[in-house]
There are 10 protein chains.
Amino acid sequence: MLKKIPSILSPILVKILMEMGHGDELVISDANFPAERIGQRVVRADGHTVPELLKAILELFPLDKYSEYQYALMEVVKGDDVEPVIWNEYSEIIQQEHPDAQVKYMERFDFYKQSEGAFAVLITGETALYGNIIIKKGVI
Amino acid sequence: MLKKIPSILSPILVKILMEMGHGDELVISDANFPAERIGQRVVRADGHTVPELLKAILELFPLDKYSEYQYALMEVVKGDDVEPVIWNEYSEIIQQEHPDAQVKYMERFDFYKQSEGAFAVLITGETALYGNIIIKKGVI
Amino acid sequence: MLKKIPSILSPILVKILMEMGHGDELVISDANFPAERIGQRVVRADGHTVPELLKAILELFPLDKYSEYQYALMEVVKGDDVEPVIWNEYSEIIQQEHPDAQVKYMERFDFYKQSEGAFAVLITGETALYGNIIIKKGVI
Amino acid sequence: MLKKIPSILSPILVKILMEMGHGDELVISDANFPAERIGQRVVRADGHTVPELLKAILELFPLDKYSEYQYALMEVVKGDDVEPVIWNEYSEIIQQEHPDAQVKYMERFDFYKQSEGAFAVLITGETALYGNIIIKKGVI
Amino acid sequence: MLKKIPSILSPILVKILMEMGHGDELVISDANFPAERIGQRVVRADGHTVPELLKAILELFPLDKYSEYQYALMEVVKGDDVEPVIWNEYSEIIQQEHPDAQVKYMERFDFYKQSEGAFAVLITGETALYGNIIIKKGVI
Amino acid sequence: MLKKIPSILSPILVKILMEMGHGDELVISDANFPAERIGQRVVRADGHTVPELLKAILELFPLDKYSEYQYALMEVVKGDDVEPVIWNEYSEIIQQEHPDAQVKYMERFDFYKQSEGAFAVLITGETALYGNIIIKKGVI
Amino acid sequence: MLKKIPSILSPILVKILMEMGHGDELVISDANFPAERIGQRVVRADGHTVPELLKAILELFPLDKYSEYQYALMEVVKGDDVEPVIWNEYSEIIQQEHPDAQVKYMERFDFYKQSEGAFAVLITGETALYGNIIIKKGVI
Amino acid sequence: MLKKIPSILSPILVKILMEMGHGDELVISDANFPAERIGQRVVRADGHTVPELLKAILELFPLDKYSEYQYALMEVVKGDDVEPVIWNEYSEIIQQEHPDAQVKYMERFDFYKQSEGAFAVLITGETALYGNIIIKKGVI
Amino acid sequence: MLKKIPSILSPILVKILMEMGHGDELVISDANFPAERIGQRVVRADGHTVPELLKAILELFPLDKYSEYQYALMEVVKGDDVEPVIWNEYSEIIQQEHPDAQVKYMERFDFYKQSEGAFAVLITGETALYGNIIIKKGVI
Amino acid sequence: MLKKIPSILSPILVKILMEMGHGDELVISDANFPAERIGQRVVRADGHTVPELLKAILELFPLDKYSEYQYALMEVVKGDDVEPVIWNEYSEIIQQEHPDAQVKYMERFDFYKQSEGAFAVLITGETALYGNIIIKKGVI
């Protein structure tokens with residue numbers, strides 16, 4: 001443990017966050033995401049929720065102000081009658097640090113495709129539906 | 001995620017628990033334990049408490065009934081005016097599965113020595129004082 | 001060995017089953033399947049039958065309810081006068097956990113193709129004809 | 001699978017049996033043996049019994065006629081009221097190939113010590129008490 | 001060395017032969033074959049002839065009865081005035097185990113192409129012209 | 001780069017600082033220290049001075065309040081007429097975060113011995129005489 | 001440290017510079033460059049500026065006189081009102097060793113593309129805008 | 001050192017020369033060749049000239065008599081007013097062993113392309129212009 | 001294959017013979033020797049006899065003239081009524097290259113001990129009793 | 001190749017020379033030295049003499065002025081009637097850079113022992129008797 005670094009973040013995760021550059025993306029996925037098949041690098045945070053991790057990560061991680069979007073979510077599949085309330089929680093956490101953050105909604109398979117190109121996937125224990133989120137790294 | 005396996009346990013941790021044999025010991029350490037220097041194998045569970053993990057592990061992990069002790073704690077250092085209340089929590093969790101479990105108290109440096117010989121160290125985010133615990137694997 | 005985990009499952013197999021995500025597929029193959037050439041990950045269970053393993057795996061492994069099929073079999077090659085009776089056994093094992101499970105029959109070379117994209121191949125000692133089966137992982 | 005090689009034997013096990021030389025020892029252990037901590041090389045045969053494997057191995061593996069013992073068992077611990085009936089089974093299997101085979105009984109901790117120096121440990125799913133056995137390789 | 005396994009076969013070769021599945025192919029090449037560049041896996045048997053090895057391998061290795069050919073040879077290049085007498089020796093060895101075995105003759109560059117897709121190349125010390133042979137694995 | 005983490009610290013260094021536990025020691029060495037021979041883990045920071053790095057590290061790294069010393073320096077060799085003025089700089093940096101920090105002076109070969117047991121050595125470009133320093137990690 | 005080699009250059013960087021051949025390119029990137037995702041080989045020089053490193057590298061590294069350009073910069077994006085004053089510094093450093101050096105300006109995505117084909121990326125702590133530079137190795 | 005093997009050849013180089021098969025090619029490059037970027041395998045012989053190495057290699061290495069060329073050189077670039085006198089030296093060395101050896105001249109980028117497909121690149125300290133040479137392995 | 005290097009010698013064996021220095025020893029063992037347990041490096045030559053290999057190796061390998069012995073054999077165990085006739089063959093092969101070579105006879109366990117310190121063990125298919133031999137490398 | 005770095009030095013050798021610290025030793029050995037058995041790290045410079053390499057290394061490598069010796073040689077064995085004239089050459093090369101350099105003569109087995117503790121062994125093609133030399137690194 002170190003000062004200023006939230007204790008929920010593992011050493012390997014912090015190393016990866018530091019190695020990411022401008023425009024690189026991190027997928028913070030739910031517990032059922034096929035992370036090990038899709039991800040270029042996979043970090044595990046079993047048993048934690050996405051909001052806990054997202055909040056801790058954003059204490060360190062700048063979002064990309066130069067991009068048209070700062071984070072992305074998986075669009076609700078047509079015909080699926082779900083209201084992803086967890087998105088409100090994501091939105092609040094992000095806006096504390098980035099009040100003007102823009103979201104991009106990606107169709108399900110576009111989201112998978114985007115995840116394959118991401119720098120890393122952090123798989124969590126989140127079980128909320130449509131709980132996956134992509135964040136894009138900015139500059140300091 | 002799989003049925004019957006608590007979601008807080010990572011895949012690598014379950015693999016190691018399965019590989020342990022009769023009499024092998026697991027250290028579940030607090031957040032400040034020098035796990036990476038001492039442990040033969042190290043698994044991380046940053047951000048989780050020992051009770052959460054202990055409870056989940058004991059759903060799968062049998063304690064050793066043939067040993068004189070089933071778990072071990074680090075003795076309070078002489079002159080240290082601490083009452084490790086977390087031990088009660090440990091005791092309750094263990095007794096749910098093993099009502100007759102015996103504890104062994106080890107002097108601080110004996111505890112470190114014992115940890116070096118352990119099969120693995122699981123380092124957690126626990127911050128309670130004297131929060132380290134060793135559990136000894138039994139047979140099925 | 002651990003409580004709740006069938007003893008026929010090896011530690012590395014359980015680790016892989018835990019790492020699989022929604023929609024990932026596992027091939028449980030017969031003894032003659034070219035698993036080592038085709039498989040992205042290969043786990044061996046020499047000397048065991050597919051039904052023994054399938055039953056044990058399904059105690060832990062949820063099938064994908066959102067997919068049009070939950071498992072797949074290799075279609076009998078045209079002109080091949082075989083009645084794969086082992087399929088009945090598979091069907092019974094699966095229906096105990098998933099009464100409405102749907103099967104997909106794949107033409108032989110489609111089955112091989114599908115296996116190349118699978119998360120892993122578990123090669124067994126099964127010698128029954130047309131004994132290969134693919135199962136698709138669901139969510140918890 | 002190959003002709004003449006029992007299908008219960010995995011490729012890596014056969015490779016190791018071939019690499020062993022005169023006087024090298026193989027531990028065939030029960031399911032609870034601390035194989036991964038003690039063994040110089042560990043091969044797994046989860047879910048199989050020792051007799052099944054012993055029989056298959058001895059189809060290929062010559063015992064050491066020049067040694068004072070051809071196999072070794074763990075002595076029943078004093079005060080332990082157990083009659084290891086599985087030993088009769090071992091004895092019959094061994095005598096089919098080696099009618100004059102001699103056994104050596106080793107005190108429990110001597111057995112562990114001996115296992116640490118063995119070429120490999122094959123861990124099985126055997127659950128019979130005192131089910132561990134060491135076999136010593138001969139020449140051809 | 002083990003009983004029933006010809007002593008000319010190395011441990012790694014037997015392991016690979018065991019891992020091969022139905023339809024997988026093994027190239028047994030002459031001493032000048034570009035095995036290390038072409039082969040997916042390469043095993044060496046320097047100083048041995050192809051007939052010695054072929055005979056030993058076929059004691060264990062079943063040929064594929066379901067394929068249109070059981071083994072393949074490299075067609076004599078047009079204009080090359082060679083009579084590959086070693087082929088008779090190959091034919092005799094194969095027919096002892098498989099009286100009806102069919103051969104396929106492949107044009108030189110097709111033979112190389114086929115070898116790139118083979119499971120493994122076993123390079124020998126054979127110096128006879130047109131001494132390369134591919135064998136296709138069957139089922140047991 | 002991340003917020004709150006000084007940009008002079010490399011990702012691998014931060015990972016190692018996070019992995020260190022209570023009582024583990026870090027050597028921050030000068031440019032001529034035999035770090036690669038002595039260190040259990042070696043991290044390089046070529047071209048930077050010790051004060052720059054020490055200051056940045058102490059923004060994150062807690063010193064061990066329970067130890068009799070919080071940092072250690074190499075005692076001036078007898079007969080060596082050197083006044084290590086850089087020690088004042090070290091002292092000031094450390095006291096900003098830890099006003100009561102105690103130093104331990106170690107004889108030259110004791111210092112080397114201590115370094116061999118340290119968690120890691122961070123080699124810098126520092127060229128001041130007697131510029132090596134050991135810091136001991138505390139708890140959070 | 002060695003004589004003649006600037007102490008800011010790490011051992012692994014010098015090794016890579018030596019291994020580069022005629023026409024190979026090195027990217028010296030700013031602190032936010034996505035080096036770890038793009039680079040074939042990545043070397044880190046956290047906390048140093050590009051001019052410091054460029055100057056030190058050019059003491060050893062010959063530029064390619066046979067190429068139409070000796071170094072390349074990222075063109076200012078249209079509409080971006082930035083005057084990259086750091087380019088003057090680069091120009092001066094380069095001209096001390098190579099008075100006639102030619103620059104090539106590459107459109108932003110061409111620059112990324114070029115970087116993917118480069119021999120290595122050296123990521124620095126540079127924070128000036130448009131601070132990335134590619135240098136092309138010549139002969140000796 | 002061994003008898004019959006020229007002492008200038010390193011153990012790893014001789015191993016690679018032995019592993020090469022009929023038709024495989026070796027590039028013996030000059031000191032500025034981008035060997036580490038282009039070569040499938042790279043062996044270094046810093047400080048030696050091509051003629052020294054070529055002479056030593058040809059004591060062991062047979063050239064390919066069945067190919068239309070036995071060695072290849074890089075064609076002088078149009079407009080480049082160079083007379084590569086070192087070619088005469090190459091020619092003499094080769095003709096001592098192979099009086100009828102044929103050369104193929106390859107355009108510069110064809111030469112690079114060919115080198116990418118070569119078995120290995122041996123990079124030397126040669127500084128003569130147009131000093132790169134490819135040799136093609138024959139049979140014994 | 002290369003000129004001057006006997007084709008029975010594998011590439012890895014020749015590499016190891018080249019790497020050996022003055023006074024280093026090579027064990028050429030029979031088929032039952034516990035090479036994989038004892039040897040620091042193990043090379044296999046399954047199916048070949050010791051005389052074939054010894055003869056080929058001595059074409060390249062100089063014996064140590066400065067040592068009191070040039071090769072060593074395992075003394076016949078007391079009470080063992082064996083006349084190791086293969087020793088005559090060894091003696092003849094060695095004397096062709098080294099007419100004055102001296103042998104040292106080592107007691108069985110001394111021979112094993114010596115083998116543990118040897119540079120490498122070459123395990124062969126030799127089945128003659130007392131067929132192991134150690135040769136000591138000289139200078140060129 | 002780089003400016004200022006002698007072209008006879010390989011990239012890996014320069015990296016190792018840079019990594020060495022104050023007091024670390026480098027053995028530059030003759031062609032018959034048992035470098036691969038003794039050395040902690042081994043670098044090869046087949047075909048080069050010690051004087052060539054020593055001269056090139058000392059252009060970069062500072063000798064240790066604080067030590068009682070700057071380099072060491074192997075004492076002529078008693079009764080060995082050799083005058084190692086190459087030592088004069090070593091002495092001249094060293095004195096050009098270090099006019100006051102002191103030599104230490106080590107008894108043969110002390111020299112081997114010292115070499116085992118050295119940072120690295122650079123094995124050369126030197127064939128002069130008593131041609132091994134140890135140099136001790138100083139500071140800059």
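Chain letters run A, B, ... following the sequence lines, proteins first, then strands; residues in each count from 1.
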TODO: Would you indicate whether the side-chain heavy atoms of I:Val14 and H:Lys15 approach each other to under 4.5 Å?
DONE: no
Open item on the list: Tell me whether I:Lys3 contacts the main-chain N or O of H:Leu58 through its side chain, where contact means a donor paired with an acceptor under 3.5 Å.
Closed with: yes
TODO: Select one option (side chain, backbone, both, neither) describing which atoms of H:Ser10 are under 4.5 Å from chain I's heavy atoms.
DONE: backbone
- [ ] State plainly whether the residues I:Lys4 and H:Glu59 are in salt-bridge range, i.e. N to O under 4.0 Å.
- [x] yes
Task: Residue part contacting chain I, namely of H:Leu13, when any heavy atom lies under 4.5 Å - done: neither
TODO: Look at the side chain of I:Lys137 and the backbone N and O of H:Met1, then say whether any donor-acceptor pair between them is shorter than 3.5 Å.
DONE: yes
Task: Straight-line distance of H:Leu9 CG to I:Met18 CE, nearest 0.5 Å - done: 6.5 Å
Task: Proximal component of H:Ile57, with respect to chain I [non-hydrogen, under 4.5 Å] - done: neither
Task: chain I contact via H:Ile5 - side chain, backbone, both or neither, heavy atoms under 4.5 Å - done: side chain
